[in-house]
Amino acid sequence: MPSFSAGASAQKQQNYQRRRQQVREQRKSLPIASVEKRLVDEVRKNDTLIIVGETGSGKTTQLPQFLYDGGFCQYGKVIGITQPRRVAAVTVAKRVAEECNDQLGKKVGYSIRFDDSTSNATRIKYMTDGLLLREALLDPLLSKYSVIVVDEAHERTVHTDVLLGLLKKIHLEEGPGDILAFLTGQEEIESLERLINERARLLPPESSKIWTTPIYSSLPSEQQMNAFKSAPAGTRKVVLATNIAETSVTIPGIKYVIDPGMVKARAYNPVTGMESLIIIPVSKAQALQRSGRAGREGPGKCFRLFQESEFDKLVDSTVPEIKRCNLSNVVLQLKALEIDDIIGFDFMEKPSRTAILKSLEQLILLGALTDDYKLSDPVGHQMARLPLDPMYSKALIVSSELKCLEEMLIVVSMLSVESIFFSPREKLEEARAARKGFESLEGDHITLVNVYRAAAECLEKSKNANAKERTMEKALTRWCRENFINHRSLKHARDVHSQIQGHVQQMGLNPSSCGEDMVLFRRCLTAAFFLNAAMRQPDGSYRALATSQSVQIHPSSGLFRTKPDCVIFNELVRTTQNYVKNLTRIDPLWLAELAPQYYATED
DNA sequence: GAGCACTGC
């Protein structure tokens, strides 16, 4: 029936024209349409341009089309637009292809990991930032692109940051001089180091070489020292640092600083006792401090990977620690100084009322304060003398009564320092095997005692061999390396141990050891850390008894797989989930027996 | 099955 199909086709044609008209009108009505000419001119005039506009103003869909119409795709060049998420890259590409009245994959296409719709004809290419970074590895100058649009740049991922840095060209366009980049943590440093090294292999052979060197606090000091060495001639040193390089150490010879403007900060919820590390923008003071690390010995430059308007929005200075940590120790110290009215105390930076009340409550539960908020005698006075977290001070006093002070002194020393175990990603299995040798089925506290004693034994052996102090220290360093123990943390723990040992002797606590009786020791841990008990739930998760929070055992714990019915823990941290760390298996009945003031009524 | 800013007593 030819007439019918002719009619249908005419109808189709009409619908199509109407749709085209709609699209044209819609495009014209977008706020960005009025500045098309100016935008294209500005892009042509500037190497880097930051465009700010409301959501829905049409930046993502229109700008690439303006640039295309403005001639940015001559000679086969491509306009690349990055998106922080895969879905966005696909949907925006589809939308723009429709607006261009073209099939997806021709003029307009997208490319994401495992899915590439582009062809040789593609001139407007939407992609994820991670994918563009991969392309940059193969072609550092991204030579097939005439323009790169980094969309949603405020949704800053490490990828966008590195990308923005690369686009500023982190290396090829600037003169010689070392670079210092501020990152938030070990993981970010490690992944960026890998990326840079992959990319560095593909640099044009005539350009100078790149040498990356990480520095962060849990890195063993031998490796930290690398950051202070100078690079061979013709090589540029790139130091990837946490804010350890902001104030704690000064690396000589830095000419360029790269500051993405973020920092990892501790956050604390006084009600739940939950601690977390969150990534937040730096303060103005921090940003200035960071830029000041460039060119200390000559002219330098700081590349801030954020906009000037963002800088103005930064807070002037970092929120002081006192407003974001557990206050129990501060309150205990004030009480010992006979300052009774803590709430009314004239703090320079006043912590929240809730935080103060919570710590007063905790100190009462620990027996450091009486019910009328007075320092108790002798426990409160003893606790205030010890430079430890009040819960650890309490643990020492309890262990003196229960006759396992020696073991508890080791535990609180080891818990008071940074992580004892060092597990570099590339030697994870070896590190795990080494740790197995110390591990106790009863829990992490006894594991820590085992590590401490094994280290002491190592020192004892070399002492018996009449070794000099320096030889002994070397033997310990080697032992640490072989056993994947962080030497610096262990040394710190030994220092804390000897300092606290001095205090407990002066205080007249009862020196004692539980010997092989680990039940006694676990009971003592229960008596000390009863506020941090958790019970396994039918679904395998745990419930922290004091706050009823749902928590999981952190995978770094020796009890991660065993999942005992009841545990006491020392740390409550929130990362991807609520985690408890440093655990020991206990009998739930011990709680009512050893902390009746807290548990008896509940049973 | 996580991924760990810094300092001080």
Side-chain angles (χ1 to χ4, degrees), chain A residues 158 181-192 194 214-219 224 240-250 259-268 275-283 285-286 289-290 318-322 324-325 328-330 332-334 336-337 383-390 392-393 412-413 416-429 431-432 435 444 486 488-489 492 495-500 502-503 540-541 551-563 571-583:
Chain A
V158 182
F182 283 100
L183 298 151
T184 59
Q186 178 183 344
E187 195 179 51
E188 207 171 278
I189 289 175
E190 283 177 349
S191 71
L192 192 57
R194 271 198 304 273
I215 182 163
Y216 48 87
S217 104
S218 64
L219 192 73
Q224 280 189 357
L240 303 173
T242 59
N243 43 357
I244 191 172
E246 208 174 279
T247 48
S248 314
V249 301
T250 300
D259 180 11
M262 301 305 257
V263 68
K264 206 175 269 195
R266 184 189 298 283
Y268 178 72
E275 210 169 67
S276 54
L277 283 169
I278 50 170
I279 293 174
I280 54 166
V282 293
S283 63
Q286 264 179 310
Q289 177 73 24
R290 288 178 172 193
T318 314
V319 177
E321 181 90 21
I322 196 162
R324 50 192 171 86
C325 68
S328 301
N329 207 8
V330 175
L332 184 63
Q333 295 308 316
L334 288 173
L337 292 169
M383 283 172 66
R385 275 178 65 184
L386 293 167
L388 289 171
D389 180 310
Y392 295 165
S393 305
V412 300
S413 307
S416 297
V417 302
E418 319 71 53
S419 178
I420 286 289
F421 297 99
F422 175 64
S423 38
R425 195 183 300 242
E426 67 278 12
K427 286 184 182 166
L428 210 57
E429 280 310 315
R432 218 166 270 174
R435 192 177 158 156
D444 305 317
N486 188 323
R488 193 156 12 101
S489 302
H492 191 186
D495 289 343
V496 172
H497 185 275
S498 75
Q499 186 198 21
I500 305 298
H503 280 289
S541 73
V551 295
Q552 307 281 339
I553 295 184
H554 194 272
S556 66
S557 168
L559 298 183
F560 177 66
R561 273 177 232 267
T562 344
K563 286 199 189 303
E571 258 185 281
L572 187 58
V573 290
R574 183 184 180 82
T575 51
T576 51
Q577 298 186 71
N578 294 341
Y579 282 113
V580 283
K581 291 168 93 170
N582 293 319
L583 325 170

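The chains referred to below are lettered A, B, ... by the order of the sequence lines, with proteins before strands, and numbering in each begins at 1.
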Residue pair [X] / [Y], side-chain heavy-atom distance below 4.5 Å:
{"X": "A/I244", "Y": "A/Q224", "answer": "yes"}
{"X": "A/I420", "Y": "A/N486", "answer": "no"}
{"X": "A/V263", "Y": "A/R290", "answer": "yes"}

Describe the nucleic acid contact of A/I189 in one word from base, sugar-phosphate, nothing, applying a heavy-atom distance below 4.0 Å.
-> nothing
Would you mind classifying the nucleic acid contact of A/R432 as base, sugar-phosphate or nothing, using non-hydrogen atoms under 4.0 angstrom?
-> base
Whole-Å distance between [N] [atom2] and [X] [atom1]?
{"X": "A/L219", "N": "B/dG3", "atom1": "CG", "atom2": "C1'", "answer": "15 Å"}
{"X": "A/F182", "N": "B/dC6", "atom1": "CZ", "atom2": "C1'", "answer": "12 Å"}
{"X": "A/Q289", "N": "B/dC6", "atom1": "CD", "atom2": "C1'", "answer": "12 Å"}
{"X": "A/D259", "N": "B/dA5", "atom1": "CG", "atom2": "C1'", "answer": "14 Å"}
{"X": "A/Q499", "N": "B/dC9", "atom1": "CD", "atom2": "P", "answer": "8 Å"}
{"X": "A/L428", "N": "B/dG1", "atom1": "CG", "atom2": "P", "answer": "15 Å"}
{"X": "A/Y579", "N": "B/dG1", "atom1": "OH", "atom2": "C1'", "answer": "7 Å"}
{"X": "A/R290", "N": "B/dC6", "atom1": "CZ", "atom2": "P", "answer": "12 Å"}

If you check the [X] side chain, which of [options] turns out closest?
{"X": "A/R561", "options": "B/dG1, B/dA2, B/dA5", "value": "B/dG1"}
{"X": "A/P387", "options": "B/dA2, B/dG1, B/dC9", "value": "B/dC9"}
{"X": "A/H554", "options": "B/dC6, B/dC4, B/dA2", "value": "B/dA2"}
{"X": "A/K264", "options": "B/dG1, B/dC4, B/dG3", "value": "B/dC4"}

Do other residues, nucleotides or ligands put more than 12 heavy atoms under 6.0 Å from the NZ atom of A/K563?
-> yes
Sorted by position of nearest nucleotide on DNA chain B, 5' first, the leading residue of A/A265 and A/L388 is A/A265
Per nearest nucleotide of DNA chain B, the residue lying toward the 5' end, A/S217 or A/Q577, is A/Q577
All side chain to side chain donor-acceptor pair (under 3.5 Å) counterparts of A/R488, not counting sequence neighbours | none
Does A/T575 make a side-chain N or O approach to OP1 or OP2 of B/dG3 shorter than 4.0 Å?
-> yes
